[in-house]
Amino acid sequence: MKYDLDAIIRGYSQGYFLMADGEGDDLGWYSSRQRTLIPLDDRFRYPKSLRRSLNQNRFRVAINQAFEEVVSGCADRDTTWISGELRQVYTELHRAGWAYSFETWQGDELAGGILGLVIGGAFIGESMFFRISEGSKVAMVKLVEHLRQRHFALFDAQMMNPHLERFGAYVVGDRDYKSLLKIALKQNCNFL
């Protein structure tokens, strides 16, 4: 099945996101009155316990080395909003240069990863997962460093959870989110 990728990017550019229901059916557009952002400035922080893993260089990072595997890891939950159809959408967005996987590896083993879309200077984080302890946390720290180096303006994590809160994530209302998104979309940032 072919998807209208331009319409999908337009939807994300207007502050919407795609999700399937809890059974993995009925893919649809959603919005939220509040959005969770990961700070790209000095408000970003991470647990002190993570410093050891970062200092020991236990993980290496890669981009798009195992895109399909990251999507599968993100979808591998008891209740998932990443349906088979949405996985196809991500694959097509990836082939067209919109969707990326930011990965951590321990040797030859995928330790964790973050799935997201890049539009202008916005990184829209869709999901994350880990297979090795601290794999996704290290990915988060390294992704923020990566986005800073490339002058991204926005890291949208969509919904708050205790894990993201530990990194300094904060919530903004819909109007503020759309203003920040509009500014970010005007930037021409290169993710690779």
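What's counted below: heavy atoms across the whole structure, side chains too, no hydrogens, waters or symmetry copies. Everything numeric here is computed off the predicted structure, so don't read it as measured data.
- In the hydrophobic clustering of this structure, Tyr16 does not group with Val171; members are Ile, Leu, Val, Met, Phe, Trp, Tyr whose side-chain heavy atoms approach within less than 4.5 Å, directly or through other members.
- Relative orientation of the Trp29 and Tyr12 rings is perpendicular, given thresholds of 30° and 60° on the angle between their planes.
- Distance check, rounded to the nearest 0.5 Å: CH2 of Trp98 to CG of Asp6 gives 7.5 Å.
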Could you go through residues 185-192 and list every donor-acceptor pair under 3.5 Å that involves a side-chain atom there, pairing it with any protein atom two or more places apart or in another chain?
unit_1	atom_1	unit_2	atom_2	d
Asn190	OD1	Leu192	N	3.1

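- One finds the OG1 atom of Thr104 at 10.0 Å from the CZ atom of Arg58 (value rounded to the nearest 0.5 Å).
- Across Cys74 and Thr80, no two heavy atoms sit closer than the pair O-OG1, 4.5 Å.
- Cluster annotation: Leu86 and Phe129 are assigned to the same hydrophobic cluster (Ile/Leu/Val/Met/Phe/Trp/Tyr, side-chain heavy-atom contacts under 4.5 Å, transitive).
- Glu145 has a carboxylate O that lies under 4.0 Å from a charged side-chain N of Lys142, or vice versa, which qualifies the two as a salt bridge.
- Distance alone, capped at 3.5 Å, is enough to place a donor-acceptor pair between the Asn55 side chain and the Arg51 backbone.
- To the nearest 0.5 angstrom, Leu18 atom CG is 9.0 Å from Glu85 atom CD.
- Shown here for Thr36 and Met160, the closest heavy-atom pair between the two residues is OG1-N, 2.7 Å.
- Here Ala62 pairs with Arg60, Gln65, Glu103, Trp105 under the side chain to side chain contact (heavy atoms under 4.5 Å, CB included) rule; sequence neighbours left out.
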Test log, rule side-chain contact (heavy atoms from CB on, under 4.5 Å), inputs Leu110 and Ile132: CA-CA 8 Å; Leu110 181 62; Ile132 296 174; over 6 Å; no
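- Below 30°, between 30° and 60°, or above 60°: for His163 and Phe167 the angle between ring planes is above 60°, a perpendicular geometry.
- With Asn64 contributing its side chain and Ser101 its backbone, the two residues share a donor-acceptor pair below 3.5 Å.
- The two residues Val144 and Pro39 make their nearest non-hydrogen contact at CG1-O, 4.1 Å.
- Atom CG in Leu154 sits 10.0 Å away from atom CD1 in Ile119 (nearest 0.5 Å).
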Candidate pair Val138 and Val141, rule side-chain contact (heavy atoms from CB on, under 4.5 Å), full reasoning: CA-CA 5 Å; Val138 170; Val141 172; 5.8 Å; no
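- Centroid-to-centroid, the aromatic rings of Phe123 and Phe152 stay 6.0 Å apart or farther.
- Under a hydrophobic-cluster definition in which Ile, Leu, Val, Met, Phe, Trp and Tyr are linked whenever side-chain heavy atoms come within less than 4.5 Å, directly or via other members, Phe155 and Tyr170 are assigned to different clusters.
- Residues Met128 and Leu115 are not in side-chain contact: their nearest non-hydrogen atoms beyond the backbone lie 4.5 Å or more apart.
- Put simply, Tyr100 and Tyr3 are part of two different groups of oily side chains (I, L, V, M, F, W, Y) that touch within less than 4.5 Å, one to the next.
- Remark: Arg131 engages Glu69 in a salt bridge (Lys or Arg N to Asp or Glu O under 4.0 Å) (not counting sequence neighbours).
- Here OG of Ser49 is found 10.0 Å from CG of Leu54. Values are rounded to the nearest 0.5 Å.
- With no hydrogens or angles considered, a side-chain donor-acceptor pair links Glu68 and Thr91 at under 3.5 Å.
- Linking Ile, Leu, Val, Met, Phe, Trp and Tyr whenever their side-chain heavy atoms come within less than 4.5 Å puts Phe102 and Leu50 in one cluster.
- Applying the side chain to side chain contact (heavy atoms under 4.5 Å, CB included) rule to Arg45 yields no partners; only residues at least two apart in sequence or on another chain are considered.
- The shortest distance between side-chain heavy atoms of Gln158 and Ile124 falls below 4.5 Å.
- Shown here are the side chain to side chain contact (heavy atoms under 4.5 Å, CB included) partners of Met159, two or more places apart in sequence or in another chain: Phe17, Met19.
- For CZ of Phe130, the number of neighbouring non-hydrogen atoms (other residues, nucleotides, ligands) closer than 6.0 Å is 12 at most.
- Within the 4.5 Å cutoff, the side chain of Leu93 has heavy atoms near those of the Ile9 side chain.
- Ala99 approaches Leu117 most closely through the heavy-atom pair CB-CD2, 3.6 Å.
- Atom-to-atom distance recorded for Arg10:CZ and Asp4:CG is 6.0 Å, nearest 0.5 angstrom.
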side-chain contact (heavy atoms from CB on, under 4.5 Å) evaluation trace for Leu164 with Met140: CA-CA 9 Å; Leu164 296 177; Met140 175 70 79; 3.4 Å; yes
Tyr90/Glu126 under side-chain contact (heavy atoms from CB on, under 4.5 Å): CA gap, chis, key distance, verdict: CA-CA 10 Å; Tyr90 288 145; Glu126 292 286 279; 2.5 Å; yes
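- The heavy-atom pair separating Phe59 from Ser133 by the smallest distance is CZ-O, 3.5 Å.
- Taking all atoms of both residues into account, the shortest heavy-atom contact from Ala122 to Leu181 is CB-CD1, 4.1 Å.
- Asp174 meets the salt bridge (Lys or Arg N to Asp or Glu O under 4.0 Å) test with Lys178; sequence neighbours excluded.
- The side-chain heavy atoms of Tyr177 and Ser32, taken from C-beta on, include no pair separated by under 4.5 Å.
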